[in-house]
Amino acid sequence: MRYSYKTNGTCSRQIDFDLEGNVVHNVTFHGGCNGNLQAISKVVEGMTVEQLEGYFSGIDCGGRGTSCSDQLARGVRAAFEKANAD
């Protein structure tokens with residue numbers, strides 16, 4: 001299923017992704033550092049929510065307390081929990 005996550009505290013404004021069970025696919029960032037975010041999108045393709053969180057949760061960008069990759073980890077976790085609550 002396709003999800004959109006509105007980011008908070010980052011240059012990217014939104015992250016769109018597909019979640020099949022707990023596996024992440026087709027990540028797209030809107031805004032932010034295009035080259036770096038394209039790389040992150042390729043790296044996380046096929047990762048589980050847990051793997052993605054293990055690599056990216058808690059990463060800070062410029063003292064903001066979060067980063068685009070941290071926001072991705074938060075977004076996929078939120079989508080996973082929502083999908084499993086329904």
Side-chain angles (χ1 to χ4, degrees):
M1 180 168 218
R2 191 79 175 158
Y3 293 92
S4 292
Y5 181 77
K6 300 282 185 193
T7 60
N8 185 23
T10 61
C11 297
S12 64
R13 298 175 310 279
Q14 179 176 311
I15 307 168
D16 298 330
F17 55 91
D18 293 324
L19 193 59
E20 294 177 12
N22 72 333
V23 179
V24 178
H25 297 285
N26 306 314
V27 174
T28 305
F29 288 85
H30 301 275
C33 305
N34 189 39
N36 289 331
L37 297 176
Q38 284 183 55
I40 290 172
S41 297
K42 286 187 177 198
V43 167
V44 302
E45 178 64 30
M47 277 189 184
T48 65
V49 171
E50 296 80 12
Q51 288 172 317
L52 199 147
E53 286 177 315
Y55 285 113
F56 299 113
S57 286
I59 291 178
D60 178 70
C61 180
R64 296 177 181 168
T66 191
S67 64
C68 293
S69 56
D70 178 63
Q71 289 290 298
L72 175 60
R74 293 178 192 202
V76 298
R77 173 52 67 185
F80 180 74
E81 289 179 1
K82 183 178 189 291
N84 289 299
D86 295 337

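Below, all heavy atoms of this structure are taken into account, side chains as well, without hydrogens, waters or symmetry copies.
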Hey, what do you get for [atom1] ([X]) to [atom2] ([Y]), rounding to the nearest 0.5 Å?
X: Ser57; Y: Arg77; atom1: OG; atom2: CZ; answer: 8.5 Å
X: Arg13; Y: His30; atom1: CZ; atom2: NE2; answer: 8.0 Å
X: Asn26; Y: Phe17; atom1: CG; atom2: CZ; answer: 11.5 Å

Pair Leu72-Val76, side-chain contact (heavy atoms from CB on, under 4.5 Å): steps then yes or no: CA-CA 6 Å; Leu72 175 60; Val76 298; 3.9 Å; yes
Note, [X] side chain near [Y] side chain (heavy atom, < 4.5 Å):
X: Glu45; Y: Val24; result: no
X: Phe80; Y: Lys82; result: no
X: Asp18; Y: Arg2; result: yes
X: Val23; Y: Met47; result: no
X: Arg74; Y: Tyr5; result: yes

Quick one about [Y] and [X] (side-chain donor to acceptor, distance below 3.5 Å, no hydrogens or angles considered), yes or no?
X: Thr66; Y: Gln71; value: yes
X: Asn36; Y: Gln38; value: no
X: Glu50; Y: Asn22; value: yes

Minimum-distance pair of heavy atoms, taken over all atoms of Ser4 and Asp16: OG-OD1, 2.6 Å
Ile40 and Phe29: CA distance, side-chain angles, deciding distance, side-chain contact (heavy atoms from CB on, under 4.5 Å) verdict: CA-CA 9 Å; Ile40 290 172; Phe29 288 85; 4.1 Å; yes
side-chain contact (heavy atoms from CB on, under 4.5 Å) between Tyr55 and Val43, intermediate numbers included: CA-CA 11 Å; Tyr55 285 113; Val43 167; over 6 Å; no
Side-chain ion pair, Asp60 and Arg64, N-O less than 4.0 Å: no
Derivation and outcome, side-chain contact (heavy atoms from CB on, under 4.5 Å), residues Thr7 and Ile15: CA-CA 7 Å; Thr7 60; Ile15 307 168; 3.7 Å; yes
Option from Thr10, Ile59, Leu37 for which side-chain contact (heavy atoms from CB on, under 4.5 Å) with Ser69 holds: Ile59
Side chain Glu81, main chain Ala78, donor-acceptor under 3.5 Å: no
